[in-house]
Amino acid sequence: MNKNNAGQVFLRIILGLTFFIHGVSKFQGGIGNAAGFFDSLGIPGFMAYIVAAIELIGGLAVILGFGTRIVSVLFAVILVGAIFMAKLPAGFLGNGQAAGYELDLALLAMSVYLACANNTVLSLGNMIFNKKGK
């Protein structure tokens, strides 16, 4: 494993962990609350269930390195939606009442990178499909 692969594994684990924890938080805090927030933004409330499931299951998959490219694309879609539907009015760093979109933008960059990157040696997908990491 070279430095690039090590950096990619680190990004993959941090991105997956971040989304996994956000998914857990949505379910623990009452998914109905998340659905209500989505409704308040003009997004159908049922989308909260879909987003939370992608965050939870997708986060775990990315940590393990299984389906990383596909899940990273889903994460990118969620993040673009979050930036434009919820965070943009507060500005980059927030406005004192709402969080800004700086974290979402950083997670978006990580997601796009992982969607475009090759699998690494340390990924479940690589082990299952017996591909060499590059």
Side-chain angles (χ1 to χ4, degrees):
M1 178 180 328
N2 61 34
K3 292 185 291 186
N4 289 332
N5 284 341
Q8 183 178 337
V9 170
F10 181 73
L11 281 178
R12 192 185 79 220
I13 291 170
I14 297 301
L15 181 69
L17 186 62
T18 301
F19 272 94
F20 178 77
I21 291 170
H22 275 264
V24 167
S25 174
K26 280 183 180 63
F27 284 110
Q28 285 181 337
I31 192 69
N33 293 334
F37 177 68
F38 275 51
D39 279 331
S40 76
L41 296 174
I43 302 168
F46 75 89
M47 291 296 294
Y49 295 88
I50 295 169
V51 168
I54 291 170
E55 289 176 345
L56 186 71
I57 298 164
L60 187 58
V62 168
I63 290 168
L64 298 173
F66 188 75
T68 301
R69 286 181 179 166
I70 294 167
V71 175
S72 293
V73 169
L74 294 174
F75 286 169
V77 170
I78 290 169
L79 289 161
V80 168
I83 290 169
F84 285 102
M85 297 300 292
K87 304 282 185 94
L88 200 60
F92 187 75
L93 295 175
N95 60 11
Q97 296 176 343
Y101 60 89
E102 75 281 0
L103 175 61
D104 301 85
L105 194 60
L107 294 172
L108 176 60
M110 293 167 67
S111 297
V112 169
Y113 173 78
L114 290 174
C116 297
N118 292 324
N119 287 335
T120 61
V121 177
L122 295 177
S123 71
L124 186 59
N126 183 52
M127 290 178 200
I128 289 173
F129 299 112
N130 199 22
K131 293 181 180 178
K132 290 234 174 206
K134 295 182 181 177

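Since the structure is predicted, the reported quantities are computational estimates derived from the model, not experimental observations.
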[atom1]-[atom2] distance between [X] and [Y], expressed to the nearest 0.5 angstrom:
X	Y	atom1	atom2	result
F10	I14	CZ	CD1	4.5 Å
F20	I63	CZ	CD1	6.5 Å
N33	F38	CG	CZ	12.5 Å
I21	E55	CD1	CD	11.5 Å
L11	T68	CG	OG1	11.5 Å
T18	F75	OG1	CZ	9.0 Å

If you take all heavy atoms of [X] and [Y], which pair is closest and at what distance?
X	Y	answer
S72	A115	CB-N, 3.8 Å
F27	A52	CE1-CB, 3.6 Å
K87	D104	NZ-OD1, 2.9 Å
A117	Q8	CB-NE2, 3.5 Å
D39	G45	OD1-N, 2.9 Å
A99	A90	O-CB, 3.5 Å

- Query: Which residues, ordered by chain and number, are linked to V77 in its hydrophobic cluster, where ILVMFWY side chains connect at heavy-atom gaps below 4.5 Å, directly or through other members?
  - Reply: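 None; V77 is a cluster of one.
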
- Item | Residues clustering with I13 (ILVMFWY side chains joined when closer than 4.5 Å, directly or via others) |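 Answer for I13: M1, V9, L122.
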
Would [X] end up clustered with [Y] when hydrophobic side chains under 4.5 Å apart are linked, directly or stepwise?
X	Y	result
I54	L107	yes
I128	V62	no
L124	L114	no
F19	M85	yes
Y113	L64	no

- Query: Will you find, in the side chains of S123 and R12, an N or O donor that is under 3.5 Å from an N or O acceptor?
  - Reply: no

- Item | Y101 and L108: CA distance, side-chain angles, deciding distance, side-chain contact (heavy atoms from CB on, under 4.5 Å) verdict | CA-CA 10 Å; Y101 60 89; L108 176 60; over 6 Å; no

